[in-house]
Each structure stands twice: as structure tokens, then as C-alpha cells.
Amino acid sequence: GNSVTQMEGPVTLSEEAFLTINCTYTATGYPSLFWYVQYPGEGLQLLLKATKADDKGSNKGFEATYRKETTSFHLEKGSVQVSDSAVYFCALSDQDMRFGAGTRLTVKP
Amino acid sequence: DAGVIQSPRHEVTEMGQEVTLRCKPISGHDYLFWYRQTMMRGLELLIYFNNNVPIDDSGMPEDRFSAKMPNASFSTLKIQPSEPRDSAVYFCASSLGTGPYNEQFFGPGTRLTVL
């Protein structure tokens, strides 16, 4: 079946550092890929998405490229801020939505 | 436009008591999902509805859990009797359609503590 694997956290970075959170997927069809973010005390909200191979999703300085050849959708940001501290979930949607385990990011001033 | 609304935001109860969690999806959305989030298990899909009909309840942990959707604008998740291991954050989400292109919109969650 379809599944998502993302790097375990927690991840702690200093402000302005470069961020990468790895995500790989297994799918039999042609899924869309998503990154959701969960800020403390809130529900998940969509950060970005890509619906086909080689698409790049981007939002708020975050980017992820749908790589079919490596079955990956890694999340990157060039310069993180304290306000980016949150839990990040990679997700795959085909017939249903599958979420990764989540990666907690803490950005220190 | 209001997002997904959940109530209560926090619930503290004693073991053996009945707990009812409520959700109002985004107007016009035809899919509704109930999730449970814990540190140990992460985010788990419990059940989802399409046009008020339960489609897949395979994630419901046991018979103590039940969910209903009497109309397009309201759903409940009930735990009876509750146990300490049910302590978690419960999220409701809704979407317009399902499949590769459909984003799910999440509510703020209900934090349940069973003593």
C-alpha cells in the first residue's frame, strides 16, 4: 500500500540556518504530495503541495520538488526563523491521504 | 469563511465516563475525517464519511468508539466508556472530494485527558 516515511526529529536549528526535512514515499499510482505544518496548539494546515512529477511546491520561503525517480519530496528553506518552529508532516494523496510521522522543528534565536 | 470548528477544545474526564467530541466541517465539503494524534502513534485516521455516510471505520480502535454524522454540517465522535489510554488530541478535517488533488482542512483539535 501507499506510505510516507519522513526523517525523525526533533530538528533544532539556529535562526537563518538552512533546513532540509527528508520525505520519501511508496505509491502504486500517481499521487499528489503535500507538506502540512502544525503550529503549537493548532491543527494541521497545508504548507505546499505538488500534483505531478517535477512539480515544485512553494510557500512562505519553503520549497519541495516532486521527484519520481527518487520517490522523494524533501522540504527545504534557505533561512529559517523562530516563527517556523512547528511540526511538519509529509503526506501523500491518491485514493486516500497518508501522513508521515511528523518532524518537530525548533529554531533558536 | 469559517474553517472546521471543533468543540470542546479541551476535555478532562474520569475513566469510565462518556465523552462526546463535536465537529462542524466547512460548508460544502462532502468528506469528513476524524484523526487521533498521540506522541507514541502520531496521526491516525479513525474514520471518514462521504456525504454523511461512513466509508471506512477500520481505524476505530475498538467498540468503545463510535462516530456519527446526522447531517452535512455536524459530526460526533463518542467514547464510552473512556479509558486513560484514550488521552490524545482528536482532530476533525474536511475536504471537497477526495483523491490526489484534494486538500484536507483541519480543525484546531480537542485535547482529551482521561484520568
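Residue numbers begin at 1 in each chain, while the letters A, B, ... track the order of the sequences.
Of the residues considered (B:R111, B:R41, B:Q37, B:E44), B:Q37 shows the highest number of contacts with chain A, using heavy-atom pairs under 4.5 Å.
Contacts of A:E42 with chain B are made by backbone atoms alone, with heavy-atom separations under 4.5 Å and no side-chain atom involved. Heavy atoms closer than 4.5 Å to chain A are found nowhere in B:Y48, neither backbone nor side chain.
Just one of A:F99, A:F89, A:Y36 meets the ring-ring contact (aromatic ring centres under 6.0 Å, His included) condition when paired with B:Y35; it is A:F99.
Hydrophobic clustering of Ile, Leu, Val, Met, Phe, Trp and Tyr side chains at less than 4.5 Å, counting indirect connections, keeps B:V12 apart from B:Y90.
A:E15 and A:K108 are not joined by a salt bridge, as no carboxylate oxygen comes within less than 4.0 angstrom of a charged side-chain nitrogen. A salt bridge links B:D86 with B:R64: the distance from a Lys NZ or Arg NE/NH1/NH2 to an Asp or Glu carboxylate oxygen falls below 4.0 Å.
Counting heavy atoms from C-beta on, the side chains of A:L75 and A:C23 never come closer than 4.5 Å.
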Set out, in order, the CA-CA distance, both residues' side-chain angles and the distance that settles side chain to side chain contact (heavy atoms under 4.5 Å, CB included) for B:F49 and B:S75, then state yes or no.
CA-CA 9 Å; B:F49 296 82; B:S75 177; 4.1 Å; yes

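For the side chain to side chain donor-acceptor pair (under 3.5 Å) test, residues two or more places apart in sequence or in another chain that qualify with A:R98 are A:D96.
Within residues 3-14 of chain A, no residue has a heavy atom under 4.5 Å from a heavy atom of chain B.
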